[in-house]
Q: 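After the structure tokens below, expect a handful of questions from me.
In what follows, residues are counted from 1 in the order of the sequence shown.
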Amino acid sequence: MRFDIITLFPELFAPLLTSGITRRAYESGLVDVHFWNPRDHAEGNYRRVDDRSFGGGPGMVMLAEPLFKCLTAIRADRQEETPAPLVLFSPVGRALNHSLVAQWSASAGAVLLCGRYEGVDQRFIDQYVDQQISLGDFVLSGGEIAAMALLDAVARLQPGVLNDEGSHQLDSFNPALDGLLDSPHYTRPEVWQGHAVPPELMSGHHAHIERWRREQSLILTAMHRPELLDQARQLGKLSRQDEASLQRSKTSLTSSAQSAATKKL
């Protein structure tokens, strides 16, 4: 797959492409990344890519014309029968989640537009942007960090990138976990600062270990992301055993809270 990145700061991506385990995806060409600076397509001595906003107000707006010329050059270079979608990272976009990442990981790629300043001239967005994506309800200084997040998430799903081919299937939000959070993980030593590894993980009994992990996944999700639990329940992903585990954990937590309140009194 190929991603073309429209950015004023291509140097920000260097550590992403050369560090960590996902660099395998970029070095092997599984994820082919190209950078395009709209300043190279701007006119005048100063190669201006932004201007003041009509109607006043703080900040500058990215000009439509340099972006259009940059996109035209990308289309010519890709030479595709079906143009790759142009994606803008923006607060109005759909929140990036596992489902969306999985879709991109199976695609032929896209053109990613990293906005800066107060944003992009709306006329360019209306005319050429196919999809908008957001990392969450907050504002970044530019779309580069969002683009890196998408690239990294897509790269690790490519075959041969991770040491264990199936490891990403047990990530939080994965359908293999019914969209729930992953369970806690432990490693050596067996006892650290007086805290021991849960005995279930030391038992060597695979069925018991898998059940413990499922229960912990349910408990963590109920505590921290209950909406994910509701979604799994609506989709019929929770078994009677799951519901019983949740009820036991709820009873246990309630008893612990009452006991703590009694001690304070």
Q: Give the intermediate values and the outcome of salt bridge (charged side-chain N to carboxylate O under 4.0 Å, His left out) for residues R48 and E43.
A: CA-CA 7 Å; R48 191 164 188 172; E43 298 179 351; over 6 Å; no
Q: Between R214, Q247, K237, which is the residue that forms a side chain to side chain donor-acceptor pair (under 3.5 Å) with D242?
A: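 Of all the options given, the one that passes is R214.
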Q: Can you check side-chain hydrogen bond (donor to acceptor under 3.5 Å, both in side chains) on Q216 and S183, steps first, answer last?
A: CA-CA 5 Å; Q216 293 302 308; S183 62; over 6 Å; no
Q: Do R94 and S134 come close enough that some side-chain heavy atom pair is under 4.5 Å?
A: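 They are not in side-chain contact.
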Q: Kindly compute the distance separating CG (L229) from CG (L181), expressed to the nearest 0.5 Å.
A: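 One gets 9.5 Å once the value is rounded to the nearest 0.5 Å.
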Q: Any side-chain heavy-atom pair from E27 and L17 closer than 4.5 angstrom?
A: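 The answer is no, as the side chains (C-beta and beyond) never meet within the 4.5 Å cut-off.
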Q: Looking only at non-hydrogen atoms, find the nearest pair between R24 and S28 and report the distance.
A: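 Closest pair (atom of R24, atom of S28, distance): O-OG, 2.7 Å.
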Q: If two hydrophobic side chains count as joined below 4.5 Å and joins carry through other members, does I133 share a cluster with F173?
A: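 Different clusters: I133 never reaches F173 through Ile, Leu, Val, Met, Phe, Trp or Tyr contacts under 4.5 Å.
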Q: Assess whether side-chain contact (heavy atoms from CB on, under 4.5 Å) is satisfied between L67 and V49, documenting all intermediate values.
A: CA-CA 8 Å; L67 292 175; V49 294; over 6 Å; no
Q: Side chains of F124 and P66: closer than 4.5 Å at any heavy-atom pair?
A: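 They are not in side-chain contact.
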Q: Around atom CG of L235, are there more than 12 heavy atoms of other residues, nucleotides or ligands at under 6.0 Å?
A: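 Buried by this count: over 12 neighbours within 6.0 Å.
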Q: Please list, chain by chain and in numerical order, all residues satisfying side-chain contact (heavy atoms from CB on, under 4.5 Å) with S53, sequence neighbours excluded.
A: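 Result, side-chain contact (heavy atoms from CB on, under 4.5 Å) vs S53: V61.
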Q: List in chain and number order the residues that pass side-chain contact (heavy atoms from CB on, under 4.5 Å) with Q122, two or more places apart in sequence or in another chain; answer none if no residue qualifies.
A: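 By the side-chain contact (heavy atoms from CB on, under 4.5 Å) rule, Q122 matches I125, D126.
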Q: Do the side chains of Q158 and M1 get nearer than 4.5 Å, heavy atoms only?
A: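 Side chain of M1 against side chain of Q158, heavy atoms only: contact under 4.5 Å found.
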Q: Nearest 0.5 Å, what's the CG-NE2 distance between L177 and H98?
A: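 That separation rounds to 9.5 Å.
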Q: Quick check: do V154 and F3 have side-chain heavy atoms less than 4.5 Å from each other?
A: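 V154 reaches F3 side chain to side chain.
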Q: Quick check: do V101 and L157 have side-chain heavy atoms less than 4.5 Å from each other?
A: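 Yes - at least one pair of side-chain heavy atoms lies under 4.5 Å apart.
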Q: Would you call E243 and R233 a salt bridge, using N to O less than 4.0 angstrom?
A: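 R233 and E243: salt-bridged.
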Q: Could you tell me if the side chain of R75 sits less than 4.5 Å from the side chain of V111, heavy atoms only?
A: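 Side-chain contact under 4.5 Å: yes.
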Q: Taking all heavy atoms of V87 and all of A110, pick out the closest pair and write down the distance.
A: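 Minimum heavy-atom contact is CG2-CB, 4.2 Å.
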Q: Under 4.5 Å between any side-chain heavy atoms of T7 and L12, yes or no?
A: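 No; the side chains remain at least 4.5 Å from each other.
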Q: Linking I/L/V/M/F/W/Y whenever any side-chain heavy atoms sit under 4.5 Å apart, do Y117 and L135 land together?
A: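 Yes, one cluster joins them.
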Q: Carefully, step by step, assess R213 and E200 under the rule salt bridge (charged side-chain N to carboxylate O under 4.0 Å, His left out).
A: CA-CA 9 Å; R213 285 176 172 162; E200 291 85 353; over 6 Å; no
Q: What's the spacing between I5 CD1 and M148 CE if we round to 0.5 Å?
A: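 Here the interatomic distance stands at 9.5 Å.
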Q: Provide the closest heavy-atom pair for P85 versus G109 in the form atom of the first, atom of the second, distance.
A: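 Looks like CD-O, 3.8 Å.
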Q: Heavy-atom count around R52 CZ within 6.0 Å, excluding the residue itself: above 12?
A: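 Counting other residues, nucleotides and ligands, CZ of R52 stays at 12 neighbours or fewer.
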Q: Nearest 0.5 Å, what's the CG-CD distance between L86 and Q132?
A: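 Output value for this atom pair is 9.5 Å.
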Q: Please determine whether residues L151 and I145 belong to a single hydrophobic cluster, defined as Ile, Leu, Val, Met, Phe, Trp and Tyr linked transitively by side-chain heavy-atom distances below 4.5 Å.
A: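 Yes, it is one cluster - the side chains of L151 and I145 are joined through contacts under 4.5 Å.
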Q: Say whether, by atom type as modelled, one donor and one acceptor occur between the side chain of S19 and the main chain of L16 under 3.5 angstrom.
A: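 Judged by distance alone, no pair lies under 3.5 Å.
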Q: Can K69 and D40 be said to form a salt bridge (charged side-chain N to carboxylate O under 4.0 Å, His left out), step by step?
A: CA-CA 9 Å; K69 290 181 177 179; D40 296 333; over 6 Å; no
Q: Give, for atom CG of L180 and atom OG of S172, the distance between the pair rounded to the nearest 0.5 Å.
A: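 Reported to 0.5 Å precision, the distance equals 9.0 Å.
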Q: Considering non-hydrogen atoms only, spot the tightest contact between H41 and A73 and give its length.
A: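 Closest approach of H41 to A73, heavy atoms only: CE1-CB, 3.7 Å.
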Q: How long is the gap from CG on L100 to CG on L150, to the nearest 0.5 Å?
A: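 With rounding to 0.5 Å, CG (L100) is 7.5 Å from CG (L150).
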Q: Would you find more than 12 non-hydrogen atoms of other residues, nucleotides or ligands less than 6.0 Å from Q131 atom CD?
A: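 Correct, the count exceeds 12.
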Q: Working note: D230 + R225, criterion salt bridge (charged side-chain N to carboxylate O under 4.0 Å, His left out); need CA distance, chi angles, decisive distance, verdict.
A: CA-CA 9 Å; D230 292 337; R225 296 291 302 276; over 6 Å; no
Q: What's the verdict on side-chain contact (heavy atoms from CB on, under 4.5 Å) for T22 and L162, showing C-alpha distance, side-chain angles and the deciding distance?
A: CA-CA 7 Å; T22 53; L162 301 182; 5.5 Å; no
Q: Would you please say whether a donor-acceptor pair under 3.5 Å links the side chains of S245 and R211?
A: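 Judged by distance alone, the side chains do pair up.
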Q: Looking only at heavy atoms, which two atoms of V191 and A196 are closest? And how far apart?
A: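 Taking every non-hydrogen atom into account, CG2-CB, 4.1 Å.
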Q: Thinking salt bridges, do R2 and D4 make one under a 4.0 Å N-O criterion?
A: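 Counted as a salt bridge, because a side-chain N and a carboxylate O are separated by less than 4.0 Å.
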Q: Check for me, please, whether L63 and L113 land in the same ILVMFWY cluster - side-chain distances under 4.5 Å, paths through other members count.
A: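 No, it is not one cluster - the side chains of L63 and L113 are not joined through contacts under 4.5 Å.
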Q: Taking ring pair (Phe, Tyr, Trp, His ring centres under 6.0 Å) as the cut-off, I'd like each qualifying pair that reaches into residues 51-93, sequence neighbours left out, listed once.
A: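 As it turns out, the ring pair (Phe, Tyr, Trp, His ring centres under 6.0 Å) pairs with a partner in residues 51-93, which skip direct neighbours, are F68-Y128.
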Q: Tell me whether I209 shares a hydrophobic cluster with L220, the cluster being built from Ile, Leu, Val, Met, Phe, Trp, Tyr side chains joined at under 4.5 Å.
A: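 No: no chain of side-chain contacts under 4.5 Å links I209 to L220.
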Q: If I compare all heavy atoms of T18 with all of A14, which pair ends up nearest, and what's the gap?
A: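 Distance-wise, the nearest heavy atoms are OG1-O, 2.9 Å.
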